[in-house]
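Order of the sequence lines fixes the chain letters, A, B, ..., with proteins taken first and strands second; residue numbering starts at 1 for each chain.
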There are 2 protein chains.
Amino acid sequence: MRAVTIKDVAKAAGVSSATASRVLSGNPATSPESRAGVEAAATRLGFVPNAQARSLRSTRTDTIALLISDVRNPYFSDLAHAVEQQARAAGIMTFIGNANEDSGQQDDFLAAMLSRRVDGLIIVPQGLGEDAGRPSEMMQRMIASGTPMVFVDRTLAGVEVPSVTVSSARALEQGIARLAGLGHCRIAFIGGPAHASTARERREAFDAALEANGLAPEACLHFAGDFKAASGAEGARWVAAHPARPTAVVIADAPMAIGALGVWREAGVRIGPELSVLSFDEVDTLLMHDPPIATIGHDLSQMGRAAVTALQAVMAGRQPESEQFTSHFTPRSSLATARPITSTMTQGSATP
Amino acid sequence: MRAVTIKDVAKAAGVSSATASRVLSGNPATSPESRAGVEAAATRLGFVPNAQARSLRSTRTDTIALLISDVRNPYFSDLAHAVEQQARAAGIMTFIGNANEDSGQQDDFLAAMLSRRVDGLIIVPQGLGEDAGRPSEMMQRMIASGTPMVFVDRTLAGVEVPSVTVSSARALEQGIARLAGLGHCRIAFIGGPAHASTARERREAFDAALEANGLAPEACLHFAGDFKAASGAEGARWVAAHPARPTAVVIADAPMAIGALGVWREAGVRIGPELSVLSFDEVDTLLMHDPPIATIGHDLSQMGRAAVTALQAVMAGRQPESEQFTSHFTPRSSLATARPITSTMTQGSATP
DNA sequence: TTCAGCTATGAAATCGATTCCATGGAATCG
DNA sequence: CGATTCCATGGAATCGATTTCATAGCTGAA
């Protein structure tokens with residue numbers, strides 16, 4: 001039951017609450033004496049200002065919120081860490097919310113933030129439905145509220161919010177070129193959910209990269225996952241059972257890759273010799289894998305910093321340009337020469 | 001610039017703000033007509049109650065905060081996910097804060113929470129200094145404030161806060177027994193920072209387990225890390241360069257294990273045959289490693305649920321018992337027969 | 001000496017909801 | 001039928017800070 005209010009401090013210091021407030025908020029219109037008295041009283045009583053009352057009157061909270069789409073995805077926890085450290089350096093407190101790749105949970109968090117009036121929001125947005133980018137009603141309301149916000153990693157269509165994203169087209173083209181050079185011509189793609197713009201971008205980049213390398217994109221080699229490990233595992237089983245079994249697989253994020261690799265390990269599929277794997281997101285687990293997995297990734301701390309900088313610009317009333325980084329392709333030994341499969345599951349036409 | 005307040009809603013519905021408030025907060029003392037009118041007006045105007053104002057008056061926020069010690073540690077992100085889902089099921093919003101294994105950042109977060117009056121707190125506490133459990137001044141103030149709180153994973157000495165922890169003594173004894181059975185007698189320990197109670201508990205359990213298996217604990221085989229990857233890497237180099245090179249290593253958390261495994265891979269140390277590795281925390285990366293790493297772990301979703309349940313009890317005014325789970329040892333192929341090292345670094349007495 | 005200008009200050013309004021209190025009217029009871 | 005309870009309601013106080021606004025006390029210029 002704590003009750004130390006600014007009035008208690010004021011009384012203890014023998015001044016009015018107005019003066020106490022001025023001292024505590026650094027207003028220069030205060031005498032050295034009252035300053036000393038109030039500060040002494042405040043520390044002595046252990047005064048903690050009530051943030052509710054303060055921001056109710058002054059509309060400033062000195063906090064931003066970061067909404068990521070999956071805490072357990074190391075990609076996003078790296079991002080969270082980067083954002084948080086950068087904000088901290090600027091004297092801003094960060095709350096992290098988890099949308100769990102779910103539009104409903106995203107909306108709940110947005111509603112909480114809207115009623116709680118944070119100073120700014122950094123969001124990894126989820127779209128609605130199949131068109132991969134329609135903002136939810138709650139999101140529209142959030143935007144309409146005028147709360148400074150910035151999108152990071154993903155975007156939504158038809159919405160004017162500055163964003164910090166990454167383009168993977170070039171890296172993917174390099175990766176596919178490498179695979180093509182190794183003789184692969186049936187390359188499967190385990191993709192992400194329609195509600196994520198990155199999922200769409202990666203799939204399109206994949207198709208474009210195939211064409212650029214003289215390979216025909218085939219719909220039957222696309223598997224639609226949801227960016228989580230379980231769907232990666234499912235994708236792995238789908239690949240293994242595929243009638244025209246692919247010799248290489250590109251996976252659109254790390255959790256799915258991890259799920260898939262677990263299945264292949266169980267099934268005794270040798271990564272590299274039997275199946276080349278290229279995954280998005282350069283995370284520890286993929287590098288730790290044996291053989292290490294080739295990745296398409298980028299610097300998340302850079303991206304986190306850029307997001308905070310952009311948000312600060314928006315909070316200052318400016319309109320920062322959207323920024324786009326470029327991811328890089330790192331070949332590793334999970335990419336190997338295409339060979340006819342000789343496992344028990346072999347079927348269809350074997351390339352001699 | 002949003003301005004839809006409860007007064008606007010009341011006016012639109014032709015009632016007073018008191019009635020509007022009653023309707024919106026589900027007070028039964030309202031007529032069907034005003035209920036209908038207010039609800040219609042609220043949705044039509046897109047009314048979002050101001051949480052600041054609400055909780056200023058009613059001291060309830062329907063939010064809890066979870067303070068974890070490292071977002072990037074998969075162990076804690078699993079915990080965060082579990083807590084969040086459980087709280088969500090109970091209609092409670094969760095904010096996540098990151099202490100980054102740093103007492104100062106922990107205190108900043110606590111200060112923000114104290115002034116923001118969350119309904120409850122679930123904390124992975126950091127102690128101060130070498131005695132691994134002294135609460136910081138801010139933490140003491142937090143406790144004194146009477147805010148319902150629960151410790152999870154770690155505890156602080158001399159503080160009466162219900163906690164949900166895990167005991168690893170038995171699992172560690174089993175693990176050491178297995179190592180001893182494989183002929184290991186120089187087992188190193190890469191431990192955690194003094195500010196974490198788990199670090200201390202694990203080191204003590206390690207020493208006890210050695211004794212229980214007839215091995216003498218030697219201080220020179222203890223390496224003090226900080227639960228982060230970089231210190232694990234350092235520990236790995238320390239092991240490799242150790243004058244009396246150990247044949248097995250126990251590592252106190254996953255990030256350090258990952259850091260260490262990276263170094264050993266670089267150095268060409270073969271895990272299993274050359275060096276047996278047993279790590280705490282059963283996370284993907286360790287299972288994905290080749291060979292898979294033996295672990296001591298436990299069910300985090302169970303622990304997260306227990307923490308939320310305990311917190312709800314505290315919030316309801318009860319005093320729940322502290323709960324302690326037991327972790328389990330899972331042997332994997334990273335544990336193998338002790339053999340004399342024949343690598344380039346070999347030195348000291350070789351066992352024939 | 002007097003008046004404008006400045007500074008430090010306190011009283012009071014304010015932010016937006018909740019909640020206490022009083023009240024008028026309907027329903028119930030003796 | 002008169003008295004009592006009950007119910008929905010509006011007015012006003014309240015939460016704890018910030019922020020006007022007015023003022024008293026000083027300083028410095030004319």
Side-chain angles (χ1 to χ4, degrees), chain A residues 1-39 41-42 45-63 111-119 145, chain B residues 1-39 41-42 45-63 111-119 145:
Chain A
M1 226 56 34
R2 35 151 279 105
V4 184
T5 74
I6 201 169
K7 280 189 186 169
D8 302 323
V9 174
K11 199 189 294 177
V15 298
S16 75
S17 62
T19 301
S21 169
R22 277 186 274 257
V23 169
L24 295 171
S25 59
N27 189 315
T30 48
S31 70
E33 302 89 66
S34 46
R35 221 171 300 155
V38 169
E39 268 157 15
L45 298 177
F47 171 65
V48 179
N50 184 319
Q52 259 105 35
R54 172 193 297 222
S55 55
L56 176 58
R57 184 66 230 253
S58 64
T59 30
R60 278 206 29 231
T61 56
D62 285 323
T63 47
M113 288 303 119
L114 194 50
S115 80
R116 199 164 296 267
R117 319 281 140 114
V118 289
D119 289 347
S145 79
Chain B
M1 225 61 30
R2 36 152 277 105
V4 184
T5 74
I6 200 169
K7 280 189 187 168
D8 301 323
V9 174
K11 199 188 293 175
V15 298
S16 74
S17 61
T19 302
S21 169
R22 277 186 275 257
V23 169
L24 294 170
S25 59
N27 190 316
T30 48
S31 70
E33 302 89 65
S34 45
R35 220 172 301 155
V38 169
E39 269 157 15
L45 298 176
F47 171 65
V48 178
N50 183 319
Q52 259 105 34
R54 170 191 300 217
S55 55
L56 176 58
R57 182 67 229 255
S58 65
T59 31
R60 277 203 34 230
T61 55
D62 284 325
T63 48
M113 288 304 120
L114 195 50
S115 81
R116 201 163 295 266
R117 319 282 138 112
V118 290
D119 288 347
S145 78

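- One interatomic measurement links the two molecules: CZ of A:R117 to C1' of C:dG16, which rounds to 9 Å at whole-angstrom precision.
- Contact record, A:L24 with A:F47: CD1-CE2, 3.6 Å, taken as the closest heavy-atom pair.
- What you find for B:V23 and B:S34 is that their closest heavy atoms are CG2-O, 4.1 Å.
- Atom-to-atom, CD1 of A:I6 to C1' of D:dT19 comes out at 12 Å; the value is rounded to the nearest Å.
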Side chain to side chain donor-acceptor pair (under 3.5 Å) evaluation trace for A:R22 with A:T30 | CA-CA 7 Å; A:R22 277 186 274 257; A:T30 48; over 6 Å; no
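- Taking atom CZ of residue A:R60 and atom C1' of nucleotide D:dG16, one finds them 17 Å apart after rounding to whole Å.
- Contact of the A:T63 side chain with the B:R116 side chain is registered, since non-hydrogen atoms from C-beta on lie closer than 4.5 Å.
- Counting all heavy atoms, side chain and backbone alike, B:L56 lies closest to A:A53 at CD1-CB, 3.8 Å.
- Closest approach of B:V15 to B:A20, counting heavy atoms only: CG2-N, 4.2 Å.
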Hey, what are the protein-to-nucleotides 13-15 of chain C N/O distances that come in under 3.5 Å?
{"unit_1": "C:dT14", "atom_1": "O2", "unit_2": "A:R57", "atom_2": "NH1", "d": "2.9"}

Its contact letters, B for base, S for sugar-phosphate only and - for none at protein heavy atoms under 4.0 Å, make nucleotides 5-11 of chain D read ---SBBB
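- With rounding to the nearest 0.5 Å, the separation of CG in A:N50 from CZ in B:R117 is 4.0 Å.
- In this structure, the side chain of B:T61 engages the main chain of B:D119 through a donor-acceptor pair within 3.5 Å.
- At least one side-chain heavy atom of A:V9 sits less than 4.5 Å from a side-chain heavy atom of A:V38.
- Helical stems in DNA chain C, defined as runs of 3 or more consecutive Watson-Crick or G-U wobble pairs with donor-acceptor distances under 3.5 Å: C:1-30 with D:1-30.
- Closest approach of A:D62 to A:R60, counting heavy atoms only: OD1-NH2, 2.7 Å.
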